[in-house]
There are 2 protein chains.
Amino acid sequence: MKLGANEEYGLRCLVRLGYAGEGGSLTIPEISHAEGVSPAYAAKILRILRKGGFVKAARGKEGGYMLARAPESIVIGEVMDVLGGRLFESSFCETHAGQAAICTRSVDCSVRSLWRAVQVAVDHVLSKATLRDLLQNEEEMNAWVRTIPGPSGLRLMQ
Amino acid sequence: MKLGANEEYGLRCLVRLGYAGEGGSLTIPEISHAEGVSPAYAAKILRILRKGGFVKAARGKEGGYMLARAPESIVIGEVMDVLGGRLFESSFCETHAGQAAICTRSVDCSVRSLWRAVQVAVDHVLSKATLRDLLQNEEEMNAWVRTIPGPSGLRLMQ
DNA sequence: GTTAATCTTGACTAAGAAGTACAGATTGGC
DNA sequence: GCCAATCTGTACTTCTTAGTCAAGATTAAC
Ligand code: FES
Ligand code: FES
């Protein structure tokens with residue numbers, strides 16, 4: 001259960017575009033330099049974001065990338081799905097069944113319930129966060145996290 | 001952000017050992033057959049669990065694996081750490097900095113706050129679950145999940 | 001003590017993700 | 001029309017994870 005590179009860099013590139021402001025655009029070299037990744041890799045990530053509908057591209061001279069929608073309408077959970085898939089995919093039990101056709105407890109599996117609970121907990125945070133929330137500084141972000149109902153928010157600063 | 005194979009199979013092998021009851025032991029061929037994984041892979045996973053201190057092994061004829069402690073004292077969060085590491089490792093920002101020495105916003109990074117919030121949400125579920133909870137059937141497990149305070153539990157059955 | 005069942009270990013191969021390279025297509029400016 | 005800046009797409013290499021293999025060490029039973 002690890003965060004992937006696409007998720008980290010993809011989100012950072014998206015935040016970087018958000019900083020460019022409404023209608024502002026950045027080129028691949030600019031984003032590459034700002035985030036410290038190679039231009040080729042930035043291009044690969046931006047392509048994923050474009051196919052996900054979060055950014056749009058303008059080609060040719062004076063081209064570049066810009067947000068496809070307003071930051072407050074870009075839900076981070078959806079971005080994460082595109083960049084790295086879900087934690088517990090619906091096909092997970094089928095693809096991790098080993099030699100059997102499916103987990104031998106498939107009709108009654110407590111492990112599956114646990115995965116679902118973890119997925120719900122993650123979604124609870126990521127479905128409430130929008131790109132707008134990430135465009136503030138770290139301290140304001142921490143304050144935002146505390147507004148999430150339930151212990152997830154309350155316990156962050158321990 | 002995906003679950004890994006070790007986490008899935010490792011947890012399933014541990015649950016299987018839990019079913020063997022207090023003092024009960026299972027051999028690698030038995031576990032392998034019950035969970036539908038190859039004996040070689042089961043051995044690899046059980047080694048990880050043994051090094052983590054969750055199971056102990058008896059060698060030689062009449063040997064096998066058994067739980068090293070009572071199921072209620074085996075916290076799933078600790079098992080998951082051993083099997084697949086943390087979602088947001090403390091070194092994550094250092095190892096995903098690209099060509100720069102660190103994320104260019106390292107002193108004030110809202111993305112980092114988000115990762116921490118997700119990690120807290122996951123820990124909130126996994127630190128409360130013990131192997132004992134996983135030894136019940138799926139329905140009882142779902143009921144248990146609902147006892148977790150906060151929306152993570154409440155929303156599972158939607 | 002011999003044997004057979006069992007765990008132990010490190011090296012090996014296969015598959016997937018991370019990151020790079022390069023040829024091609026598009027656009028604005030001259 | 002030509003050029004330079006830019007995005008687009010596919011193929012490639014590299015690194016990590018998943019999974020296998022084979023030789024070795026330990027123990028109970030006979
Ligand atoms: S059905 Fe997926 S882990 Fe059991
Ligand atoms: S410091 Fe880790 S993402 Fe910015």
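Chain A is the first sequence line, chain B the second, and so forth, proteins listed ahead of strands; every chain is numbered from 1.
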J.: Separation of His96(B) atom NE2 from dT16(D) atom C1', in whole Å?
T.: 12 Å
J.: With side chain to side chain contact (heavy atoms under 4.5 Å, CB included) as the criterion, how do Val125(A) and Trp115(B) come out once you've worked through the C-alpha distance, each side chain's angles and the decisive distance to 0.1 Å?
T.: CA-CA 10 Å; Val125(A) 174; Trp115(B) 296 153; over 6 Å; no
J.: Are any of Arg47(B)'s side-chain N or O atoms less than 4.0 Å away from OP1 or OP2 of dT9(C)?
T.: yes
J.: Please confirm whether the shortest side-chain N or O distance from Ser38(B) to OP1 or OP2 of dT20(D) is below 4.0 Å.
T.: yes
J.: Send over the distance from Tyr9(A) OH to dA17(C) P, rounded to a whole Å.
T.: 17 Å
J.: Yes or no on side chain to side chain contact (heavy atoms under 4.5 Å, CB included) for Leu67(A) and Leu14(A), after CA distance, side-chain angles and deciding distance?
T.: CA-CA 8 Å; Leu67(A) 293 183; Leu14(A) 198 61; 3.8 Å; yes
J.: In this structure, are over 12 heavy atoms from other groups packed under 6.0 Å from Glu139(B) atom CD?
T.: no
J.: Taking for each residue the nucleotide of DNA chain C bearing the nearest heavy atom, is the 5' side occupied by Lys44(A) or by Gly60(B)?
T.: Gly60(B)
J.: Round to a whole Å and report the spacing from CG of Leu46(A) to P of dT6(D).
T.: 14 Å
J.: Donor-acceptor pair, distance only, cut-off 3.5 Å: does the side chain of Glu8(A) make one with the backbone of Ala5(A)?
T.: no
J.: Below 3.5 Å, does any donor atom in the side chain of Lys61(A) face an acceptor in the base of dG29(C), or the other way round?
T.: no
J.: Rounded to the nearest angstrom, tell me the gap between atom CZ in Arg59(B) and atom P in dT8(C).
T.: 6 Å
J.: How close or far is atom P of dA5(C) from atom NE2 of His33(B), stated in whole angstroms?
T.: 18 Å
J.: What nucleotide among dG19(C), dG9(D), dT8(D) has an atom nearest to a side-chain atom of Ala5(A)?
T.: dG19(C)
J.: To the nearest Å, give me how far apart OH (Tyr65(A)) and C1' (dC7(D)) are.
T.: 5 Å
J.: What is the distance from NZ of Lys56(A) to C1' of dC7(D), rounded to the nearest Å?
T.: 16 Å
J.: Distance-only, no hydrogens or angles: does the Glu78(B) side chain make a donor-acceptor pair with backbone N or O of Val75(B) under 3.5 Å?
T.: no
J.: Given atom CD of Glu62(B) and atom P of dC30(D), what is their separation to the nearest angstrom?
T.: 9 Å
J.: May I ask you to say what Arg50(A) touches in the nucleic acid, namely base, sugar-phosphate or nothing, with a heavy-atom cut-off under 4.0 Å?
T.: sugar-phosphate
J.: Of the nucleotides dA28(D), dC7(C), dT8(D), which has the atom closest to the Ile28(B) side chain?
T.: dC7(C)
